[in-house]
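Since the structure comes first, as structure tokens, the remarks are kept for the end.
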Amino acid sequence: MTLFDDPPDVLPEGVALFRQRLSPDAQRRALDTIAEVIAQAPLFRPQMPTGPYMINTLTNCGERGWVSDKRGYRYQETHPETLQPWPAIPPEVRECTCDAVREAGFGDFEPDACLVNVYAADGRLSLHRDYDEADFKWPIASLSFGNDADFVIGGLKRAGKTQTVRLRSGDVLVFGGPSRLRYHGVRKIVPGTSPLDHPILPPDGRINLTLRRAA
Ligand code: MD3
Ligand code: FE
């Protein structure tokens with residue numbers, strides 16, 4: 001009987017959500033590889049050009065990483081504090097992401113940047129667009145780990161209608177085509193919902209990876 005299942009998510013054109021794409025074992029293995037990334041490239045809290053610090057901490061892997069400071073938002077080839085090159089994107093993370101991107105109909109994805117966003121229990125991400133990348137023909141793909149997050153999808157203008165989608169650990173989300181420049185954000189992390197425990201997950205927190213083509 002399907003009567004009591006969750007209703008399907010109706011998503012805008014260009015958005016593909018692969019629920020439970022990573023098994024709990026695959027999630028654990030992916031976080032093990034991200035633990036090594038964090039050991040090489042420590043988490044930092046970026047300052048926004050307007051002054052305040054971001055709520056979440058982050059780091060990157062890949063040829064380029066996203067950073068922010070008083071000079072602005074940008075991608076750069078080195079960590080802002082250690083000044084070292086970013087570690088490589090772990091091959092298993094890259095492969096499962098590129099498989100989902102292909103299945104979503106966006107062809108061969110060649111990411112050169114992977115942002116690692118670490119949300120504490122009170123983490124959030126205000127409504128924004130990702131437009132620091134050179135060519136918007138490339139989609140962005142995200143992998144979620146830990147507690148559920150209420151993810152908000154808006155329109156192409158900030159004031160547009162929004163819809164909320166609950167992202168769960170193991171979900172893979174692909175954003176491209178006509179949705180690539182939609183506003184989006186994370187309204188809240190839902191306590192007590194993580195199916196997995198891992199040393200790099202903050203208590204009642206969440207980790208999100210976004211793979212991008214920056215240059
Ligand atoms: C829609 N991260 O890092 S992932 C970000 O859950 C970011 O941490 C959120 O937004 C998170 O910039 C959302 C899903 C996502 C990522 C990139 C997008 C959605 C997107 C780019 C364009 C439109
Ligand atoms: Fe974003």
Side-chain angles (χ1 to χ4, degrees), residues 9 11-19 21-22 27 30-31 34 43-46 48 54-62 64-68 73-75 89 93 97 100-101 104 106 109 111-158 160-190 193-194 200-202 205-214:
D9 301 290
L11 296 166
E13 191 186 341
V15 184
L17 175 55
F18 298 89
R19 288 221 177 266
R21 178 79 179 199
L22 280 74
Q27 293 170 43
L31 288 183
I34 297 305
L43 294 167
F44 60 98
R45 192 182 303 275
M48 290 181 286
M54 287 183 65
I55 298 159
N56 307 322
T57 57
L58 65 85
T59 189
N60 294 272
C61 49
R64 276 163 272 274
W66 186 88
V67 301
S68 176
Y73 307 118
R74 65 194 173 275
Y75 285 91
I89 301 175
V93 166
T97 304
V101 168
F106 294 108
F109 188 32
D112 62 358
C114 170
L115 238 111
V116 179
N117 256 123
V118 180
Y119 293 75
D122 62 351
R124 281 168 286 130
L125 189 61
S126 58
L127 207 64
H128 68 279
R129 289 181 300 173
D130 292 51
Y131 59 80
D132 301 319
E133 300 76 27
D135 190 341
F136 303 134
K137 79 168 189 197
W138 296 98
I140 291 183
S142 103
L143 280 57
S144 293
F145 303 90
N147 272 358
D148 295 355
D150 280 338
F151 173 66
V152 181
I153 305 176
L156 298 174
K157 301 221 159 99
R158 186 180 282 278
K161 263 200 228 163
T162 62
Q163 82 182 93
T164 302
V165 175
R166 187 156 288 194
L167 294 181
R168 298 190 171 85
S169 198
D171 290 352
V172 176
L173 183 64
V174 181
F175 254 85
S179 286
R180 175 63 182 74
L181 290 173
R182 278 183 189 275
Y183 278 90
H184 60 278
V186 174
R187 200 197 310 278
K188 73 170 296 211
I189 307 300
V190 190
T193 51
S194 181
I200 66 167
L201 277 172
R206 168 178 188 260
I207 293 182
N208 179 265
L209 309 181
T210 48
L211 284 85
R212 299 129 186 267
R213 179 82 201 188

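Just follow the structure's listing: the first ligand is 1, and inside any ligand the first atom is 1. All figures in this text were calculated on a predicted structure; none of them were measured in a lab.
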Salt-bridge present (Arg19, Asp9; N to O < 4.0 Å): yes
Atoms in ligand 1 flagged as close to Thr210, the criterion being non-hydrogen separation under 4.0 Å: 3 (O), 4 (S), 16 (C)
NZ/NE/NH1/NH2 to OD/OE distance under 4.0 Å, Glu133 and Arg180: yes
Inter-residue atom distance Thr193.OG1 - Asn147.CG, 0.5 Å rounding: 3.5 Å
Angular separation of NE2 (His128) and NE2 (His184) seen from the Fe ion (ligand 2), to 10°: 90°
Basic-acidic side-chain contact under 4.0 Å: Arg213, Asp135: no
Per-atom contacts of ligand 1 with Ser142, taking only distances under 4.0 Å to non-hydrogen atoms: 4 (S), 14 (C)
Winner among Tyr119, Trp66, Phe175 once heavy atoms are compared against atom 8 (O) of ligand 1: Tyr119
Ligand 1 versus Arg129: contacting region, heavy-atom distance under 4.0 Å: neither
Any N or O of Asp130 closer than 3.5 Å to N or O of ligand 1: yes
Exercise: do Thr164 and Arg187 side chains pair donor with acceptor under 3.5 Å: yes
Asp130, N/O/S atom nearest the Fe ion (ligand 2): OD1
Arg206 charged N/C atom sitting above Tyr119 aromatic ring, 6.0 Å / 45°: yes
Atom 7 (C) of ligand 1 - nearest protein heavy atom and its distance: Leu125 CD2, 3.4 Å
Identity and distance of the protein heavy atom lying nearest atom 13 (C) of ligand 1: Phe151 CE1, 3.5 Å
Val152 side chain reached by Tyr183 side chain, heavy atoms, under 4.5 Å: no
His128-ligand 1 polar pair, N/O distance under 3.5 Å: yes
Protein contact to atom 3 (O) of ligand 1 [nearest heavy atom, distance to 0.1 Å]: Asn117 OD1, 3.0 Å
Identity and separation of the nearest protein heavy atom to atom 22 (C) of ligand 1: Arg180 O, 3.1 Å
Gap separating the CZ atom of Phe145 from the CG atom of Asp171, nearest 0.5 angstrom: 10.5 Å
Protein contact of atom 17 (C) of ligand 1 - nearest heavy atom, named by residue and atom, plus distance: Ile140 CG2, 3.2 Å
Phe151 and His184 aromatic ring geometry - parallel, tilted or perpendicular at 30°/60° bounds: tilted
Nearest protein heavy atom with distance in Å, relative to atom 5 (C) of ligand 1: Arg212 NH2, 3.3 Å
Proximal atoms of ligand 1 relative to Arg206 (non-hydrogen, under 4.0 Å): 6 (O), 8 (O), 11 (C)
Rounded distance (nearest 0.5 Å) linking atom CG of Leu156 with atom CZ of Arg129: 8.0 Å
